[in-house]
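Only one structure is covered here, and it is reproduced in the block below.
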Protein chains: 2
Amino acid sequence: MPHCCAQHAPDNALANALEQLRAHEMRVTEPRKAMLGILTREHGPFSAEELHHKLKGKSCDVVTVYRSLQAMEEIGVVRRCDFGDNTYRYEINHGDHHHHHIVCRTCRSVQVLDLCAVGKLERIAREMGYENITHTLEIFGTCPKCAKKQVRPDKHAA
Amino acid sequence: MPHCCAQHAPDNALANALEQLRAHEMRVTEPRKAMLGILTREHGPFSAEELHHKLKGKSCDVVTVYRSLQAMEEIGVVRRCDFGDNTYRYEINHGDHHHHHIVCRTCRSVQVLDLCAVGKLERIAREMGYENITHTLEIFGTCPKCAKKQVRPDKHAA
DNA sequence: TTTCGTGCAAAACCTTTGCAAAGTG
DNA sequence: CACTTTGCAAAGGTTTTGCACGAAA
């Protein structure tokens, strides 16, 4: 997949992320570099388990993955997504240029929606005195494939 | 709190919800009536535990609360919110007229944002062939109160 | 009566925590 | 060297599952 702009090319994104760690007085460790390497190179949010699994060689404990993701989420290096299956997933946070997801209610497949229109809500929040504002937005639906083979489309439909 | 319109007055909302259960061939049981009574009368999303706690007298098992909420979410009677603390919370689903929340990153207080601007994204999803489309949108920030007494505002800031 | 919902108990699951050892700046 | 991060083991907490019983349509 070609990248929209230089800033989001894997290498730059990785360098950026590491820079953010330093800016927040966080240590740049092997596990963190490895995790961010994956998150900047591969696309699509991963759960802590999935990410840990991808670290095969230079493996570290799953706990470290959890802790790192949490720390990096707090400083905005990664973004946390909730796809409604009791498991949080993380993706690299490209700042302004972020997107959202459509999650199939049935097969849990994920597609990207490269558009965000939440500016109005964030502005209101800011006017209410909130700081460090972020948001999460996920869209759910039944994907075309699943809609077709649905046995009883109305039973579990909204 | 006065209600925006008759449709969202507690009694009507409750009747509506029960009607939706029947429309989906779901049984109208005591626990479900009680749960929906609370969800239509009291405001603010509740976790399964919280809801169960509010059922004191006509109590049922927590498991039933979990199962009912899940079932009612699937048919769109309630909406599930993720406030980033590993606990799902549910609120009655007023269909079109829904709102969103600002959650304080620090004290977890919640305020309502009575506005939704996700139409564009939902439209795109529909054009992609998705059906039964819904979404979740939560805004996070540090509330004014917490921003003031923050010891090291930059350490955990985005 | 047939199907769906509930209770109870137990499991599954993801995530967090404590503490000593190791690594980073 | 001071401070942060990691590993391991264990706990925590929420949510799910199985099965027999009870309730709704």
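Chain identifiers are assigned alphabetically (A, B, ...) following the order of the sequence lines, protein sequences preceding nucleic acid strands; residue numbering begins at 1 within each chain. This structure is a prediction, so every number in the text was calculated from the model and none was measured.
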Exercise. Pick the nucleotide of DNA chain C nearest each of Pro31(B) and Arg27(B); which residue has the one closer to the 5' end?
Worked result: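 The residue mapped nearer the 5' terminus is Arg27(B).
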
Problem set entry | Arg27(A) side-chain N/O to Arg32(A) backbone N/O, donor-acceptor pair under 3.5 Å |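 Flag not set: sc Arg27(A) to bb Arg32(A) has no pair under 3.5 Å.
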
Closer than 4.0 Å, any side-chain N/O of [X] to the OP1 or OP2 of [N]?
X: Gln70(A); N: dT15(C); result: no
X: Tyr66(B); N: dT15(D); result: yes
X: Thr29(A); N: dT6(D); result: yes
X: Asn86(B); N: dT16(C); result: yes

Protein-nucleotide distance ([X], atom [atom1]; [N], atom [atom2]), rounded to Å:
X: Lys33(B); N: dA23(D); atom1: NZ; atom2: P; result: 14 Å
X: Asp82(A); N: dT15(C); atom1: CG; atom2: C1'; result: 14 Å
X: Tyr90(A); N: dT15(C); atom1: OH; atom2: P; result: 7 Å
X: Arg22(A); N: dT5(D); atom1: CZ; atom2: P; result: 14 Å
X: Met72(B); N: dC4(C); atom1: CE; atom2: C1'; result: 15 Å
X: His52(A); N: dC14(C); atom1: NE2; atom2: P; result: 14 Å
X: Leu51(A); N: dT15(C); atom1: CG; atom2: C1'; result: 15 Å
X: Leu69(B); N: dT16(D); atom1: CG; atom2: P; result: 10 Å

Exercise. Can you list the residues that meet the side chain to side chain donor-acceptor pair (under 3.5 Å) rule with Asp85(A), with sequence neighbours excluded?
Worked result: Arg89(A)

Seminar exercise, completed: d(Ser59(B) OG, Lys54(B) NZ) to nearest 0.5 Å is 15.5 Å

Exercise. Quick one: do Arg126(B) and Glu122(B) make a salt bridge, cutoff under 4.0 Å?
Worked result: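 Yes, charged N to carboxylate O under 4.0 Å.
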
For this session: Please work out which of the three classes, parallel, tilted or perpendicular, describes the rings of His101(B) and Phe83(B), given edges at 30° and 60°.
Result: perpendicular

Exercise. Side chain of Arg32(A), base of dT5(D): donor and acceptor closer than 3.5 Å?
Worked result: no

Exercise. Relative to the 5' end of DNA chain D, which residue comes earlier, Val62(A) or Ser47(B), by the nucleotide with the nearest heavy atom?
Worked result: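 Comparing both residues, the 5'-ward one is Val62(A).
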
